[in-house]
Structure formats: C-alpha cells, structure tokens
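Heads up: the structure comes next, in structure tokens.
In what follows, residues are counted from 1 in the order of the sequence shown.
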Amino acid sequence: MTTSAVDSALHLDPAAQDLLFRDARTANTFTDEPVTDEQVRAIYELVKWAPTSMNNQPLRVLLVRSPEARERLLPHLSDGNKAKTGAAPLVAVLAADTDFHEHLPTVFPHFPGAKDLFADAGPRAEVAVFNASLQVGYFILGVRAAGLAAGPMTGFDRDGINREFFPDGRNQVLAVVNIGRPGPDAWFARSPRLEFEQAVTTV
C-alpha cells in the first residue's frame, strides 16, 4: 500500500465526520427507546482511548437510571433543563475524580514517581478538572459515534449535585448529559460558528 493510500485510509469518511461534527446537534427531546448498559459500555470503551495528561483519566460517569435517583437530580437543575432530563432515557452525571493520582501507578507505570507529583490537593484538583473536561468532550463524541444523541448541560447547581451524589468530596460534577435517540423537534436552529480567520492565528 502506498503512503498516500495509507493516509487516505486513516481519514474518517465524510459521513462519519458529519455524524460526529457537521450534522451532530444537541438533543432536547428523546424517544422512549432505552439506552442499554451494553451501549454505554461501548461508548466508554471508545472514549477511554482519547488522550489525557499523563494518561490520568479523571473522568467518572454516574448513570442516573432509577426514578428515585432522577428525582434526586432534577431539583438541582435549571428550570429549562428539568423537563427534558426527566424524560430522557438515560442521564449521565460527568465528574472529575480529584484523587485520580491513586491510579497513576496502573495507568502510567513507566514513571513510578508520578503519583507523588500530585500530593498537593489544590493543584491536583485543577489537573483533574482540566483533563476530565477534555474527557467530557470525548464522551459527547462517543455518544454520537454510538448512533445516539447527547444533550450536554451545565445549567445546574454544582454544589447541590456534589452534595447529593458525591458527598465525600472526591468527585466534582462538570456536566450532566441526557442520552438517547432524538425525538420530535429535538434540535434548535443551528447557531452560527466563527470562521477560520476569526479563530486561528499563525505566528
């Protein structure tokens, strides 16, 4: 195989690019088709390979499935997010594990002293939030790659969700994501995007 053929084979075809980016939208309504554990596992098994600093992987995913757990979550959401979250087939609370460093001997084994670099809880939390935020983006793309729609939200009482679901203080919520098949009138009108020249500078 020629170099050009290899390069071409490594590119996502336009249909896959559309699925992940150009045609993908934030869903606001969903059908009642359930999202299975197998689908969620497939999403995670894809997302886990995306890069994080020192492979630290601080994202933690809490699946809100039971009606009781949904009722605990809804009061902490902004009013505009409550109804669609209450009706979504599955809700994932995405959080940053501020003690991610405990896993570094396993996920970054070629650097035995990696865990010791994060003894200070303050800087460690900043690293956790930054890298888990990257993983939130990967998670949304993983949902799309699985043929589902994602409705990511940051309109919520962060402290309230942390107290309700992460009372030990280790995990810090970053986003709440509704997941499922898009329902009727699922999309708002597409908002404009900045042009290349507005966002990219060369030095």
Side-chain angles (χ1 to χ4, degrees), residues 10-12 16-27 35 39-64 73 77 81 85 88 90-111 113-159 161-162 165-166 168-179 191 193-194 196 198-201:
L10 292 176
H11 294 166
L12 283 177
Q17 294 175 5
D18 288 344
L19 177 70
L20 296 179
F21 295 100
R22 286 185 288 262
D23 290 343
R25 311 288 292 279
T26 294
V35 177
Q39 287 173 305
V40 178
R41 180 175 291 276
I43 291 167
Y44 178 77
E45 292 296 334
L46 181 63
V47 169
K48 72 180 184 181
W49 298 110
T52 51
S53 175
M54 298 178 71
N55 197 33
N56 57 27
Q57 303 173 63
L59 181 69
R60 302 294 177 261
V61 181
L62 175 68
L63 301 178
V64 182
L73 175 64
L77 301 182
N81 292 331
T85 302
L90 180 63
V91 182
V93 177
L94 305 186
D97 179 359
T98 60
D99 285 341
F100 68 87
H101 66 312
E102 293 181 357
H103 297 282
L104 286 177
T106 299
V107 300
F108 209 61
H110 53 281
F111 183 2
K115 178 180 176 180
D116 298 334
L117 297 178
F118 299 98
D120 190 326
R124 186 172 73 240
E126 292 182 9
V127 172
V129 168
F130 174 77
N131 284 277
S133 296
L134 290 178
Q135 290 185 285
V136 169
Y138 304 147
F139 186 88
I140 293 167
L141 291 179
V143 171
R144 294 172 175 178
L148 299 170
M153 301 170 292
T154 57
F156 51 77
D157 175 2
R158 189 176 307 276
D159 291 339
I161 290 180
N162 285 335
F165 292 98
F166 309 120
D168 65 359
R170 173 169 176 157
N171 294 338
Q172 300 294 315
V173 62
L174 299 175
V176 177
V177 184
N178 296 330
I179 303 170
S191 298
R193 299 303 197 262
L194 294 178
F196 179 90
Q198 296 174 286
V200 179
T201 302

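- Heavy-atom minimum distance, Ser133 versus Val129: OG-O, 2.6 Å.
- Listed here is the closest heavy atom pair of Ala95 and Ala132: O-CB, 4.3 Å.
- In terms of modelled atom types and a separation under 3.5 Å, the side chain of Arg144 and the main chain of Leu20 share a donor-acceptor contact.
- Of the possible polar contacts, one joining the Thr52 side chain to the Gln57 backbone as a donor-acceptor pair under 3.5 Å is found.
- In this structure, the side chains of Pro123 and Val127 stay at 4.5 Å or more apart for every pair of heavy atoms.
- Considering CG of Asp97 and CD of Glu102, their distance stands at 7.5 Å, rounded to 0.5 Å.
- The shortest distance between side-chain heavy atoms of Ser191 and Arg193 falls below 4.5 Å.
- Panel note: side chain Arg158, backbone Val173; a donor-acceptor pair is recorded below 3.5 Å.
- The shortest non-hydrogen separation linking Ala96 to Leu174 is CB-CD1, 4.0 Å.
- For the atom pair Phe156 CZ and Leu73 CG, the distance stands at 9.0 Å (nearest 0.5 Å).
- With hydrogens and angles disregarded, a donor-acceptor distance shorter than 3.5 Å links the side chain of Tyr138 to the backbone of Pro51.
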*Apply side chain to side chain contact (heavy atoms under 4.5 Å, CB included) to Asn56 and Phe108, showing your working.*
CA-CA 8 Å; Asn56 57 27; Phe108 209 61; over 6 Å; no

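- Judged by distance alone, the side chain of Gln17 and the main-chain N or O of Leu12 form a donor-acceptor pair under 3.5 Å.
- Minimum heavy-atom separation, Val177 to Ala150: CG1-CB, 3.9 Å.
- Nearest heavy-atom pair across Thr98 and Gly169 is OG1-O, 4.0 Å.
- A donor-acceptor pair is defined here as one N or O able to donate and one able to accept, closer than 3.5 Å; such a pair exists between the side chain of Arg124 and the backbone of Phe118.
- Atom CG of Asn171 sits about 9.0 Å away from atom CG of Leu62, to the nearest 0.5 Å.
- A distance-only check finds a donor-acceptor pair linking the side chain of Asn131 to the backbone of Ser53 [under 3.5 Å].
- Residue Arg22 places its CZ atom among more than 12 non-hydrogen atoms of other residues, nucleotides or ligands, all under 6.0 Å distant.
- Within the 3.5 Å criterion, the main-chain N or O of Val107 finds a donor-acceptor partner in the side chain of Asn55.
- Distance alone, capped at 3.5 Å, places no donor-acceptor pair between the Thr26 side chain and the Gly151 backbone.
- Counting heavy atoms from C-beta outward, Met54 and Leu117 have side chains that approach closer than 4.5 Å.
- Between Leu59 atom CG and Leu134 atom CG the span is 10.5 Å, to the nearest 0.5 Å.
- For His103 against Arg60, the heavy-atom pair with the smallest separation is CD2-NH2, 3.6 Å.
- Taking CG of Leu148 as the reference point, atom CG of Asn178 lies at 12.5 Å (rounded to 0.5 Å).
- Summarising the geometry, atom CG belonging to Asn162 is positioned 10.0 Å from atom CG belonging to Asp168; distances are rounded to the nearest 0.5 Å.
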